[in-house]
There are 2 protein chains.
Amino acid sequence: MLVLPSAFVNLCIFTWREKSLMKLQAPKHSAPRPQAEPALNQKQIVQAALQLLDEVGFEGLTMRNLAKKLGIKAASLYWHMRDKEELLSLLADEICEPMREPDRTLSWQDQLEILGNEFRRVLLAHRDAARVLASSGAPSGPNILRLTEILLRTLLDAGFSSKDAAYAGFMLNDFIVMFVSEETQFAHVPAESAAAASYNAKNWFKALPPDQYPSVIALADDLVESDSNERFKFGIMILRSGLESCLAHRKARNQI
Amino acid sequence: MLVLPSAFVNLCIFTWREKSLMKLQAPKHSAPRPQAEPALNQKQIVQAALQLLDEVGFEGLTMRNLAKKLGIKAASLYWHMRDKEELLSLLADEICEPMREPDRTLSWQDQLEILGNEFRRVLLAHRDAARVLASSGAPSGPNILRLTEILLRTLLDAGFSSKDAAYAGFMLNDFIVMFVSEETQFAHVPAESAAAASYNAKNWFKALPPDQYPSVIALADDLVESDSNERFKFGIMILRSGLESCLAHRKARNQI
DNA sequence: ACCTGAACACCGTTCAAGT
DNA sequence: ACCTGAACACCGTTCAAGT
């Protein structure tokens, strides 16, 4: 869902690397290639990057490792893309490619919920995908742009003002990206280490001074381990009913 | 507010660097120093780090730069702290130090809102503070722990179950950390560059194919630039009323 | 047009050695 | 107890040079 992460502004506002008004130019209209295919194109690089991501995670996704995987030198990558930021943008868009659109005849609430579930599904499909989206910073890709469109359209159709729709869009996007980043943070530590650490963490909380931290101690179990699906559902429910009552409030105000 | 970021689990669950069950040990009971003060202690390092952060931002906050600022060699830092992760944890706690507690006689909604505003205030007080909190990964510090306690206590007092309180705590924390990360992302680019880029971004959106992206185009202005205070208020309002109706729903269900 | 060699300017971290 | 020298194993990126 959402699609316009911090990333969004990222691209919009001159990336802090000081070099990118240029990045907002129209997408490369893939130049007609009269001759044989070149050894390598952007698409192949992005797909190799996605594979590398699944193998080694976000930390291991370096330009050098990617080059190695492709059997070329790191410097060669810079012929096909401006920098790592662009790679991450392309990768983010690639990750969002399998997103399915919700049925437009459903209520806006259900459409948003489905969009949220879809976005999470797509993010869970690749290792550290949420971190890629969190750091990608560019809505330039067609898939992300399409998602943004669906999300914003749904909010506008529901009756939100431009501003509210934009704000809500950010919120929904951020929630999901953040949520999945968290829930997958330890997806790749060996199971027994994770269990031991979780046990350890609970005990650590419970050993805190009870007069100072009674609530933390009482909630230690729920803080340390939780059913991700349930927790996600809770979050979506909160946002859903929050948006609902916002809409009701605005409408009531307008009818006075 | 919130206080238990992804970070939270981070520490809890064995950090992915594979070396940290140990990190959950009780905090170093500062050994009684019989002699003169050593040249350097942890507190001074953390304060220097905070200063360095304000000067050069999160990117520039490296162990090597920090050492240079302190007039020592980078290797020396490892005498006072395990690694950079620990530095970030300590720094996160230092950032949260000025948090004020909301008046307990207020409604839980108002207490949460005040807690949210306070957290944002504290994060805005230092450059890239939100990024530090997002990446700190450790609730071990006393300030963060105190905040967590207040937040969870407020939620429990409001009548939320343990699970709901824990989930809501994560949500509120994540929202604020993410929000401030976003709103400050371009705080340090020269004003005229930011303005130019924003202008550029709007035009880029507006030049998209109107049949494919009508909503994105319609909302271009609101997506690219927005009043942060207003947007934050919107988010808090959504969460507030979402939590309210969750609570009402649970209570109604329990009374049947 | 596409790729490489070789370098530049960095990182975090370790560890034997100094005092 | 505390700090340094020197190295290790990396990063992203540039650019002249090759083909």
Side-chain angles (χ1 to χ4, degrees), chain A residues 15-20 22-23 28-45 48-49 52-53 56-91 132 135-137, chain B residues 15-20 22-23 28-45 48-49 52-53 56-91 132 135-137:
Chain A
T15 129
W16 48 278
R17 285 169 190 241
E18 264 103 59
K19 46 156 119 174
S20 54
M22 297 307 102
K23 294 195 183 178
K28 250 185 217 168
H29 45 288
S30 56
R33 301 201 184 280
Q35 257 78 340
E37 283 297 299
L40 211 54
N41 60 34
Q42 224 186 41
K43 178 98 187 163
Q44 290 170 50
I45 294 176
L52 183 61
L53 185 70
V56 298
F58 192 76
E59 301 290 307
L61 180 62
T62 69
M63 297 301 266
R64 295 170 113 106
N65 285 344
L66 179 56
K68 199 179 292 168
K69 186 173 180 68
L70 287 162
I72 58 173
K73 301 294 167 185
S76 311
L77 290 169
Y78 292 82
W79 179 261
H80 299 277
M81 46 196 53
R82 193 179 332 271
D83 52 21
K84 190 173 183 181
E85 209 188 327
E86 187 174 1
L87 174 68
L88 290 172
S89 277
L90 294 165
L91 194 52
V132 173
S135 70
S136 78
Chain B
T15 129
W16 49 277
R17 286 171 189 240
E18 263 102 61
K19 47 157 119 171
S20 54
M22 298 308 104
K23 293 195 183 178
K28 250 185 218 166
H29 46 288
S30 56
R33 303 201 182 279
Q35 256 77 341
E37 284 296 300
L40 213 53
N41 61 31
Q42 226 187 40
K43 178 96 186 163
Q44 290 169 50
I45 294 177
L52 183 60
L53 185 70
V56 299
F58 192 76
E59 301 289 307
L61 179 63
T62 69
M63 298 300 267
R64 296 170 114 107
N65 285 345
L66 178 55
K68 198 178 295 168
K69 187 172 179 69
L70 287 161
I72 57 172
K73 301 294 168 184
S76 311
L77 291 170
Y78 292 84
W79 179 261
H80 301 276
M81 46 195 56
R82 193 180 332 271
D83 51 21
K84 190 174 182 181
E85 208 187 328
E86 187 174 358
L87 173 68
L88 291 172
S89 277
L90 295 165
L91 194 53
V132 173
S135 70
S136 77

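Residue numbers start from 1 in every chain, and the chains themselves are labelled A, B, ... in the order their sequence lines are given, proteins ahead of strands.
When atom types are taken as modelled, the side chain of A:Q44 and the backbone of A:L40 share no donor-acceptor pair closer than 3.5 angstrom. Remark: the backbone N or O of A:H80 is paired with a side-chain donor or acceptor of A:Q42 at under 3.5 angstrom.
Here C:dC2 presents its P atom at 15 Å from CG of A:L70, a figure rounded to the nearest Å. D:dG12 atom P lies 11 Å from atom CD of A:E59, rounded to whole Å. Between the CE atom of A:M81 and the C1' atom of C:dC3 there is a distance of 15 Å, rounded to whole Å. In this entry the distance linking CE of B:M63 with P of C:dT13 reads 6 Å, nearest Å. Distance B:Y78 OH to C:dG12 P: 6 Å, rounded to the nearest Å. Atom-to-atom, CH2 of A:W79 to P of D:dC15 comes out at 14 Å; the value is rounded to the nearest Å. Whole-Å rounding puts the B:K84 NZ to C:dT13 P distance at 8 Å. The nearest whole Å value for the distance from the CG atom in A:N41 to the C1' atom in C:dC3 is 15 Å.
B:R82 CZ to B:S89 OG: the interatomic distance, rounded to the nearest 0.5 Å, is 10.5 Å. Note that CD of A:E86 and OG of A:S136 are 12.0 Å apart. Values are rounded to the nearest 0.5 Å. Atom CG of residue B:L91 and atom CD1 of residue B:I45 lie 12.0 Å apart, to the nearest 0.5 angstrom.
Both key distances under 3.5 Å define a Watson-Crick or G-U pair, and stretches of 3 or more such consecutive pairs in DNA chain D run C:4-8 with D:12-16, C:12-16 with D:4-8.
With sequence neighbours excluded, the residues that form a side-chain contact (heavy atoms from CB on, under 4.5 Å) with B:K73 are B:S76. Residues meeting the side-chain contact (heavy atoms from CB on, under 4.5 Å) test with B:K68, sequence neighbours left out: B:N65. A:A67 is linked by a side-chain contact (heavy atoms from CB on, under 4.5 Å) to A:I72, A:A74, A:L77, counting only residues two or more places apart in sequence or in another chain.
One finds no side-chain N or O of A:H80 lying less than 4.0 angstrom from the OP1 or OP2 phosphate oxygen of C:dA1.
Taking the P atom of each, D:dA9 and C:dC10 are spaced 22 Å apart, rounded to whole Å.
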Provide a list of protein-nucleic acid N or O atom pairs under 3.5 angstrom, restricted to nucleotides 4-10 of chain D.
residue	atom	partner	partner atom	Å
D:dT4	OP2	B:K73	N	2.8
D:dT4	OP2	B:S76	OG	2.5

